[in-house]
There are 2 protein chains.
Amino acid sequence: MKKIEQRLTENGVRPTAMRLLIYKYLAEKEVAISLTDIEAAFAKAERTTLYRTLRTFEEKKIVHQIDDGTGIQKYALCEPGCDCNLEQDLHLHFHCNNCDETVCLTEHKIPHINLPEGFVAEDANLVLKGICDKCSGQ
Amino acid sequence: MKKIEQRLTENGVRPTAMRLLIYKYLAEKEVAISLTDIEAAFAKAERTTLYRTLRTFEEKKIVHQIDDGTGIQKYALCEPGCDCNLEQDLHLHFHCNNCDETVCLTEHKIPHINLPEGFVAEDANLVLKGICDKCSGQ
DNA sequence: CTGACCTATGCAACGGAAGTGCATTATTGT
DNA sequence: ACAATAATGCACTTCCGTTGCATAGGTCAG
């Protein structure tokens, strides 16, 4: 828990009780988490607080937002030291059509694409959909 | 207009007046279109009709849905003869952060990705974001 | 220690977009 | 022309993201 506190402080986020819990929750889960997921996990907490916490975490590069094509915004902890905006840190995500979970494949970077004349890429998002390892093994 | 009628019929969609107009609208625009866009263009038409028309078009492989990361579903005409579900027909999309338009780069297919053991990909979505050719030229 | 200040939290409400149920109107085939 | 089927229109609902404002809690200067 001390480590989490330190991590938050380093990134300029005041380590309140709620924030520590949310961070802990994100760290335990190994999949991308939606606001609704967290809301369900912390029944007592206010939707807005959770919402703003995630937003703060995102601004301070503690989590990155994931658009997995479900239309629901999800979040996952950033790797320590990663800068989510750099092309080299853009990894792909895998969404399982069976269990409906989305995982970061941090080892798989998005390949560089040669765009037509005039197009300048600043960001990229690649989501693969199918059956994940847990579900295909059954 | 006769051609459009034929195209719809071939794909098993009854060519009603509304549908022909929507198809024509999609054909003229060279960017991905949202429900709201169409709604604005056909002020007289019912939202639901437009919604269901797009859905029907999608089912019958006349348009493909595009998730460009804005959280708004968009649609664009399929290339004739394409099967949007086949890996070989999966192209990437470019979303301009300046004009907020999304275009299909049908020539640019999504590169094949080698996934870890146990993952089976069925579909893929790649969106690049940045400045498009029209906006960068100014 | 204490008051002023800033930040985080809680509460209420809004707004956009997707989606559904049902009645009505148009089309098709016999 | 009629029955069957499909499309359209209207009224709602739900879900999620988002914002405004009041309150509570932590921080810092004096």
Peer 1: Would you mind listing the cluster partners of B:I131? Hydrophobic ones only (ILVMFWY), side-chain contacts under 4.5 Å, chaining allowed.
Peer 2: A:V120

Peer 1: Report the distance from atom CG of A:L20 to atom P of C:dT9, rounded to the nearest whole Å.
Peer 2: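 Those two atoms, CG and P, are 10 Å apart.
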
Peer 1: Using modelled atom types only, decide if a donor and an acceptor are shared between the side chain of A:T102 and the backbone of A:D68 within a distance under 3.5 Å.
Peer 2: no

Peer 1: What is the distance from NZ of B:K44 to C1' of D:dC10, rounded to the nearest Å?
Peer 2: 18 Å

Peer 1: Nearest whole angstrom, please: distance from the C1' of D:dC16 to the CG of A:L54.
Peer 2: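 From A:L54 CG to D:dC16 C1': 13 Å.
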
Peer 1: Atom pairs under 3.5 Å, N or O on each side, protein against nucleotides 1-4 of chain D: can you list them with distances?
Peer 2:
none

Peer 1: Quick one: do the B:H95 and B:D100 side chains pair a donor with an acceptor below 3.5 Å?
Peer 2: yes

Peer 1: May I have the distance from B:E46 (atom CD) to D:dA6 (atom C1'), rounded to whole angstrom?
Peer 2: 18 Å

Peer 1: Work out which heavy atom in A:P111 is nearest to a heavy atom in B:P111; give both atom names and the distance.
Peer 2: CG-CG, 3.4 Å

Peer 1: Do NZ/NE/NH1/NH2 and the carboxylate oxygens of A:R55 and A:E58 come within less than 4.0 Å?
Peer 2: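 A:E58 and A:R55: not salt-bridged.
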
Peer 1: Can you list every pair that meets ring-ring contact (aromatic ring centres under 6.0 Å, His included) and has a residue in residues 97-137 of chain B, with sequence neighbours left out?
Peer 2: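 Every ring-ring contact (aromatic ring centres under 6.0 Å, His included) pair that includes a residue of residues 97-137 of chain B, provided the two are not neighbours, is A:F94-B:F119.
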
Peer 1: Check the distance between D:dA6's C1' and B:K60's NZ and give it to me in whole angstrom.
Peer 2: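 Roughly 11 Å, once rounded to whole Å.
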
Peer 1: Where the side chain of A:T53 is defined as all heavy atoms beyond and including C-beta, which of C:dG10, C:dT9, D:dG9 is the nearest nucleotide?
Peer 2: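 Side chain of A:T53 sits closest to C:dT9.
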
Peer 1: Any side-chain N or O of B:T49 below 4.0 angstrom from OP1/OP2 of D:dA7?
Peer 2: no

Peer 1: Within the 4.0 Å limit for protein heavy atoms, which parts of nucleotides 14-30 of chain C are touched? Write it as a string from 5' to 3', B for base, S for sugar-phosphate only, - for none.
Peer 2: ---SBSBBB----S---

Peer 1: Rounded to the nearest Å, what distance is computed from the CD atom of residue A:E39 to the C1' atom of nucleotide D:dT18?
Peer 2: 14 Å

Peer 1: Grab the CG-P distance between A:L8 and C:dT7 for me, whole Å please.
Peer 2: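 My rounded result for the distance is 17 Å.
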
Peer 1: Counting only pairs under 3.5 Å, give me each side-chain donor-acceptor contact of residues 33-43 of chain B, with atom names and distances, residues two or more places apart or in other chains.
Peer 2:
from  : atom 1 : to    : atom 2 : distance (Å)
B:S34 : OG     : B:T36 : N      : 3.4
B:S34 : OG     : B:D37 : N      : 3.1
B:S34 : OG     : B:D37 : OD1    : 3.4
B:S34 : OG     : B:D37 : OD2    : 3.1
B:D37 : OD2    : B:S34 : N      : 2.9
B:E39 : OE1    : B:R47 : NH1    : 2.4
B:E39 : OE2    : B:R47 : NH1    : 3.4

Peer 1: Ignoring backbone atoms, establish whether B:T16 has a side-chain N or O less than 4.0 Å from OP1 or OP2 of D:dT8.
Peer 2: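 Checking D:dT8 against B:T16, a side-chain N or O does come within under 4.0 Å of OP1 or OP2.
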
Peer 1: Just grab all the salt bridge (Lys or Arg N to Asp or Glu O under 4.0 Å) pairs involving residues 118-128 of chain B, residues at least two apart or on different chains.
Peer 2: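 Output for this query is empty, none listed.
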
Peer 1: Rounded to the nearest Å, what distance is computed from the CG atom of residue A:L50 to the P atom of nucleotide C:dG10?
Peer 2: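 About 8 Å, once rounded to whole Å.
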
Peer 1: Atom CG in A:L126, atom CG in B:L126: separation rounded to 0.5 Å?
Peer 2: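 It comes to 5.0 Å.
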
